[in-house]
> 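Could you have a look at this structure, given as structure tokens, before my questions?
So that the names make sense, note that chain A is the first sequence line, chain B the second, and so on, each numbered from 1. Keep in mind it's a predicted model, so treat the numbers as computed, not measured.
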Number of protein chains: 2
Amino acid sequence: MFKRILIAEDHETQNISLQKTLTELGTEKPEYVFYCDDALTWIKNAVKAGQPYDLLITDLYFEEDHNRQKIMGGAELIKAAKEVQPNLKTLVFSGESKTAVIDSLFKEMHIDGYVRKARHDGQYLKLAIAAILNHKKYLSPDLKLARKENNSHDFSDLDIAIISQLVEGTPQKNIPYYLQENNIKPSGLSSIEKRLNLMKEVLGFSKNEQLIAYCKDIGII
Amino acid sequence: MFKRILIAEDHETQNISLQKTLTELGTEKPEYVFYCDDALTWIKNAVKAGQPYDLLITDLYFEEDHNRQKIMGGAELIKAAKEVQPNLKTLVFSGESKTAVIDSLFKEMHIDGYVRKARHDGQYLKLAIAAILNHKKYLSPDLKLARKENNSHDFSDLDIAIISQLVEGTPQKNIPYYLQENNIKPSGLSSIEKRLNLMKEVLGFSKNEQLIAYCKDIGII
DNA sequence: GTGAAACTTACGGGAAACCGTAGCAGGGCT
DNA sequence: AGCCCTGCTACGGTTTCCCGTAAGTTTCAC
């Protein structure tokens, strides 16, 4: 079992249960912090002291409070940590279920495991740690399923830019100016109309209001 | 301290840390389930056995899986539980932060406390239980803040009907027919326009799209 | 270089939404 | 009753949006 594990998780209760799970697995003193900046500091100090951590377990999203932080989320933390200690194993433990986000964690951040906060997260944490001990990657099984049922329209950057502008209150006819300023192509008014029509058609909507509500529901804005 | 507490929470790790918190507070054997239907069964059995629970701690949203459930969420569970045991104290522990949702829990379901899953949720759980022991209501402080900055328009039934119709895709000009059929007055097109304008003016919006997004955020639709 | 295809943009007619005004109905008051 | 006040509705002009068509641009193959 890993001897030195660091937990970065802002929710107090989640942090506690992570500690409990790890002690059950045989890590005598799992260490834990509630802020990303603290996590990085501890990792640096551990490297300096010649006793680096074996594993970092971190959440993805940390809530802001009065303590201003340089590092705002788990992805940034992992990036910074790997600069200090490239061989550090990393396990992400978060409620995020969007495949695009998780895929990029594996591909770009080279994380070793991802467990979604969900029904059987305790079991899966144990399996994940076992896998990582054997230098394998791990992804909790509830996500492998979720990946398939995704038959909805996948929104491009342009789509999201258009919808965001609508939600900001920009009149449709002014959106081309915004897109030009931000070097998003295409930027013609007709293209915007066409894009909106496409999205509404795929999803079976007739009005922008429906589209906005849908996007709010699935969380892309 | 409460002697008999039932936890309904589908996330394994959250469930574990709730148990731990409660034992620290002096409840010897907090009982726990992972499904709402089980929770109701246990409550019924406890009443029959003459040893009813003192407190129910429940999440709001439960994820569906292969076990088909009759009761899908915490709100329904509370309603069903109070029919069996009206004096049951209830504490909701969830990640939900929309004020409209939480307000309705207090007003309509008469819950005794709400703690949001967030940074200091462990502390707040303890405070909540202490308050409920004294027959007081409790709301975790991170939400009190959110509530004050809320100088918003309070939405009437008419407002919500109009917005709902927009989200359904009904063209504005057809909404009068819908309102007449449902005996909602006023129902004139001008009144609808006036009402939409008022809402947007109060909230500083210029377009329906903004209004829809706002209503989704605060959870009234 | 030429042409075809795909994509982007421009334009114009018609529908919907927006906005101010005026007319109408009901309630309360003298 | 007569009057005022309030709120609902109806109407017309302007703006925005919707949608089909046509013209321009880029890409790629031959």
Side-chain angles (χ1 to χ4, degrees), chain A residues 100 151-218 220-221, chain B residues 152-218 220-221:
Chain A
N151 75 341
S152 69
H153 172 73
D154 50 325
F155 292 84
S156 67
D157 290 347
L158 173 64
D159 295 335
I160 293 172
I162 293 171
I163 292 169
S164 300
Q165 281 301 299
L166 286 177
V167 170
E168 293 288 318
T170 310
Q172 212 159 300
K173 64 175 179 121
N174 290 344
I175 295 182
Y177 306 137
Y178 168 84
L179 294 177
Q180 280 169 22
E181 284 169 11
N182 293 73
N183 293 324
I184 301 174
K185 281 183 293 190
S187 64
L189 182 55
S190 291
S191 296
I192 293 169
E193 292 169 347
K194 187 180 166 188
R195 207 68 208 154
L196 278 170
N197 277 336
L198 177 68
M199 288 190 270
K200 284 186 277 191
E201 186 191 338
V202 169
L203 297 165
F205 297 154
S206 60
K207 299 191 49 77
N208 284 352
E209 282 89 340
Q210 294 173 283
L211 184 62
I212 301 293
Y214 174 81
C215 291
K216 274 285 175 188
D217 278 338
I218 65 170
I220 68 172
I221 49 172
Chain B
S152 72
H153 170 74
D154 51 327
F155 293 83
S156 67
D157 290 346
L158 173 64
D159 295 335
I160 293 173
I162 293 171
I163 292 169
S164 300
Q165 280 302 299
L166 286 177
V167 170
E168 293 290 318
T170 311
Q172 210 159 300
K173 64 174 178 121
N174 291 345
I175 295 182
Y177 307 136
Y178 169 83
L179 294 178
Q180 280 168 21
E181 284 169 11
N182 292 73
N183 293 323
I184 302 174
K185 282 183 292 190
S187 64
L189 182 56
S190 290
S191 296
I192 292 170
E193 293 170 347
K194 186 181 165 189
R195 208 68 210 153
L196 278 170
N197 276 337
L198 177 68
M199 289 190 268
K200 284 186 276 191
E201 187 191 338
V202 169
L203 297 166
F205 297 153
S206 60
K207 300 192 49 78
N208 283 354
E209 283 89 341
Q210 294 173 282
L211 184 62
I212 302 294
Y214 174 81
C215 290
K216 275 285 176 188
D217 277 337
I218 65 171
I220 66 171
I221 50 170

> Roughly how far apart are A:L203 CG and A:L198 CG, rounded to 0.5 Å?
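The CG atom of A:L198 is 9.0 Å from CG of A:L203, to the nearest 0.5 Å.
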> Enumerate the residues from residues 160-185 of chain B whose closest heavy atom to DNA chain C is under 4.0 Å, giving them by residue number; use none for an empty result.
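Residues of residues 160-185 of chain B that come under 4.0 Å of DNA chain C are, in numerical order, B:P171, B:Q172, B:K173.
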> List the residues meeting side chain to side chain contact (heavy atoms under 4.5 Å, CB included) with B:K207, not counting sequence neighbours, and say none if there are none.
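Result, side chain to side chain contact (heavy atoms under 4.5 Å, CB included) vs B:K207: B:E209, B:Q210.
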> Minimum heavy-atom separation for A:I184 to A:A161, with atom names?
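Result for this residue pair: CD1-CB, 3.9 Å.
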> Could you summarise the pairing of DNA chain D as dot-bracket text, marking Watson-Crick and G-U pairs under 3.5 Å with ( ) or [ ] inside the strand and | across strands?
||||||||||||||||||||||||||||||
> Return the set of residues passing side chain to side chain contact (heavy atoms under 4.5 Å, CB included) with B:I160 (not counting sequence neighbours), or none when no residue passes.
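Partners of B:I160 by the side chain to side chain contact (heavy atoms under 4.5 Å, CB included) criterion, ordered by chain and then number, come out as B:F155, B:S164, B:I220.
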> Let me spell it out: for each of B:P186 and B:K207, pick the nucleotide of DNA chain D with the closest heavy atom. Which residue's pick is nearer the 5' end?
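Comparing both residues, the 5'-ward one is B:P186.
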> Name all residues meeting the side chain to side chain donor-acceptor pair (under 3.5 Å) criterion together with B:S191; count only those two or more places apart in sequence or in a different chain, and write none if there are none.
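Side chain to side chain donor-acceptor pair (under 3.5 Å) check on B:S191 returns nothing, list empty.
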> Got a sec, which residues hit side chain to side chain contact (heavy atoms under 4.5 Å, CB included) with B:S156, two or more places apart in sequence or on another chain?
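Residues passing side chain to side chain contact (heavy atoms under 4.5 Å, CB included) with B:S156: B:L158, B:D159, B:R195.
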> Listing request: all salt bridge (Lys or Arg N to Asp or Glu O under 4.0 Å) pairs with a residue in residues 167-188 of chain A, at least two apart in sequence or in separate chains.
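Pairs touching residues 167-188 of chain A that pass the test: none.
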> With rounding to the nearest 0.5 Å, note down the distance linking CG in B:L179 to CG in B:N174.
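It comes to 11.0 Å.
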> Would you mind building the protein contact string for nucleotides 19-28 of chain C? One character per nucleotide, 5' to 3', B for base within reach (heavy atoms under 4.0 Å), S for sugar-phosphate only, - for untouched.
B---------
> Could you name each residue pair satisfying ring-ring contact (aromatic ring centres under 6.0 Å, His included) that touches residues 168-188 of chain A, not counting sequence neighbours?
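Residue pairs with at least one partner in residues 168-188 of chain A: there are none.
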> Nearest 0.5 angstrom please: B:I162 CD1 to B:N208 CG, how far?
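B:I162 atom CD1 to B:N208 atom CG measures 10.0 Å (nearest 0.5 Å).
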> Walk along DNA chain D from 5' to 3' and tell me the first and last nucleotide with an atom closer than 4.0 Å to a non-hydrogen atom of chain A.
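In short, chain A contacts DNA chain D from D:dT16 to D:dC19.
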> Using the side chain to side chain contact (heavy atoms under 4.5 Å, CB included) criterion, which residues pair with B:S190? Sequence neighbours excluded.
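Checked B:S190 against side chain to side chain contact (heavy atoms under 4.5 Å, CB included); matches are B:E193.
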> What residues form a side chain to side chain donor-acceptor pair (under 3.5 Å) with B:D217, not counting sequence neighbours?
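Counting only residues at least two positions away or on another chain, B:D217 forms a side chain to side chain donor-acceptor pair (under 3.5 Å) with A:K216.
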> Is the number of heavy atoms from other residues, nucleotides or ligands within 6.0 Å of CG (B:N182) greater than 12?
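More than 12 heavy atoms, drawn from other residues, nucleotides or ligands, come within 6.0 Å of this atom.
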> Atom CD1 of B:I192 and atom P of C:dC18: how far apart are they, to the nearest Å?
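My rounded result for the distance is 11 Å.
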